[in-house]
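What you are looking at is a predicted structure, and each value in this text was computed from that prediction instead of being measured.
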Amino acid sequence: MICGSGRCPTARCNSVSGEAVRRYADEWTVAVTDVTALAHEIHALVRAGDLGSAARLMPQERPYALGDDVLGRPRG
């Protein structure tokens, strides 16, 4: 979630604000792709019971590599 105002709608919210919002919008975002048609196609295949074809159209998820120093941090 991006909270430009710094106020989140939930008590526990992972968000960015201030300088991070500006950098996200101006520097870190490299492309925005409209996948509406693909989502409709996948939805139609799922409704028709063709889960295999729907799964093949899903974007491939890639794990994001994190160092042990990040993974070992407590959350909260």
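- Take Thr33 and apply the side chain to side chain contact (heavy atoms under 4.5 Å, CB included) test, not counting sequence neighbours, and it matches Val35.
- Taking the salt bridge (Lys or Arg N to Asp or Glu O under 4.0 Å) definition, one finds that Arg23 meets it with Glu27, sequence neighbours left out.
- In this structure, the separation between CH2 on Trp28 and CZ on Arg22 is 9.0 Å, given to the nearest 0.5 Å.
- Under the rule for a side-chain hydrogen bond (donor to acceptor under 3.5 Å, both in side chains), the partners of Arg56 that lie at least two apart in sequence or sit in another chain are Ser53.
- Residues forming a side chain to side chain contact (heavy atoms under 4.5 Å, CB included) with Leu57 (at least two apart in sequence, or on another chain): Leu38, Glu41, Ile42, Leu45.
- Here Asp34 pairs with nothing under the salt bridge (Lys or Arg N to Asp or Glu O under 4.0 Å) rule; sequence neighbours left out.
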